[in-house]
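First up is the structure itself, then whatever we jot down about it.
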Amino acid sequence: MKILVATEKPFAPVAISQIREVTEAAGHTLVLLENYRSTQELLTAVSEADGIIVRSDLITAEVLDAAKKLKIVVRAGAGFDNIDITASTAHNVVVMNTPGQNSNAVAELAFEMMLYQARSGFSGKSGFELRGKTIGLHAFGNVGKYVAEIAKGFGMNIYAFDPFVNEDVIKNSGVKVCKSPEDLYSKCKYVSLHLPANDKTKKSVGYDLLKRMPQDAVFVNAARKELIDEDGLLKIFGERTDIMYLSDCEPDCKAVFDEKYKGRFIFTAKKMGAQTEEANINAGVAAARQIIDYFKTGNVKFKVNK
Ligand code: 3PG
């Protein structure tokens with residue numbers, strides 16, 4: 001079988017070597033399309049693929065139409081909002097993700113942005129410490145749990161809101177439970193967002209939640225820009241001069257921030273939360289193994305299109 005790795009943002013070379021090793025050991029052929037710049041390149045590459053490994057690459061109905069032999073797509077990562085799930089099901093293509101495999105990297109990046117901001121961008125200007133400060137985790141999934149672990153090491157006071165996680169799981173992690181997002185945002189100087197992007201969550205964080213945050217609030221988004229209602233974000237920035245926004249995904253309204261809110265935001269140029277060798281190896285190899293296993297045994301444990 002032909003397994004295509006199609007990544008506009010490439011994995012570390014060491015991850016590719018390991019993906020190749022497990023793929024070839026199972027008797028399959030690995031084809032690489034890295035750093036591609038046009039949809040046409042992707043459309044051409046998918047035509048011969050039986051399985052595809054992607055990251056945030058868009059798997060649209062057009063791509064699925066061009067992938068005549070395709071049986072399975074694995075998103076090497078957590079969020080599968082880049083894949084047209086309905087079209088995949090209609091094309092009889094199994095879609096999987098690799099939950100948890102890159103979560104520590106994303107959690108570390110959320111913290112790295114917080115540390116950089118707390119120490120005034122390492123400019124020499126006086127900053128502040130994280131010990132004793134409140135942090136709220138908006139969702140307590142794989143990434144939220146790692147952020148909680150790091151926050152504990154820094155002596156922070158940790159809260160979480162996640163109606164899908166049993167309260168005991170949250171409490172047993174040394175984290176206090178909030179009953180609503182309103183409660184979380186009102187209590188915490190830092191809020192770190194860890195929701196998946198879907199029809200229910202898109203644009204779900206905006207003015208109404210952000211306005212509740214205390215003085216000198218820092219809002220951290222290492223998840224997706226689509227979760228934010230940017231009109232609301234701009235409204236609160238217009239009203240308050242103390243609030244900060246740290247994001248691992250440039251908002252669509254970045255130009256306004258550049259013009260009006262210098263010094264009050266950090267935006268990474270490209271989504272890079274999962275861009276570590278470790279995360280690339282973990283997620284990339286897990287994706288390859290899931291495809292190999294699917295071809296061999298039909299295992300659909302991580303299937304996301306039911
Ligand atoms: C994920 O959903 O797994 C992360 O956002 C990482 O995305 P990436 O693989 O495009 O870096």
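When a ligand or atom number is given, it counts from 1 through the structure's own listing order. The chain is numbered in sequence order, starting from 1.
If you number the atoms of ligand 1 from 1 as listed, the ones under 4.0 Å from a heavy atom of Asn102 come out as 1 (C), 3 (O), 6 (C). Short contacts between ligand 1 and Arg224, defined as distances under 4.0 Å to a heavy atom of the residue, involve ligand atoms 1 (C), 2 (O), 5 (O). Contact atoms of ligand 1 toward Gly77: 3 (O) (distance under 4.0 Å to a heavy atom of the residue). Within ligand 1, counting atoms from 1 as listed, the ones closer than 4.0 Å to a heavy atom of Arg75 are 1 (C), 2 (O), 3 (O), 4 (C), 6 (C), 7 (O), 8 (P), 9 (O), 10 (O). Less than 4.0 angstrom separates some heavy atom of Gly79 from each of these atoms of ligand 1: 1 (C), 2 (O), 3 (O).
Under the 6.0 Å distance and 45° angle rule, Lys200 does not count as a cation-pi partner of Phe164.
Taking each of Gly284, Ala274, Ala78 in turn, the one with a heavy atom nearest to atom 6 (C) of ligand 1 proves to be Ala274.
Taking distance alone, with nitrogen or oxygen atoms compared against 3.5 Å, Val106 stays at or beyond that limit from ligand 1.
Salt bridge status for Lys270 with Glu250: absent, with no side-chain N to carboxylate O gap under 4.0 Å. Checked for salt-bridge contact, Glu167 and Lys171 meet the test: a charged N lies under 4.0 Å from a carboxylate O.
When hydrogens are left out, the protein atom nearest atom 7 (O) of ligand 1 is Lys271 NZ, 2.8 Å; that is the closest non-hydrogen contact. The protein heavy-atom contact nearest to atom 10 (O) of ligand 1 is Ser56 OG, 2.4 Å.
When ring centroids are compared, Phe237 and Phe257 come within the 6.0 Å threshold.
For the ligand labelled ligand 1, residue Lys9 lies inside the 4.0 Å heavy-atom shell.
There is no side-chain donor-acceptor pair under 3.5 Å between Ser186 and Asp183. No donor-acceptor contact under 3.5 angstrom links the side chains of Asn157 and Lys187, judged on distance only.
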Legend entry - Full working for ring-ring contact (aromatic ring centres under 6.0 Å, His included) between Tyr245 and Tyr261: CA-CA 10 Å; Tyr245 183 38; Tyr261 303 124; over 10 Å; no
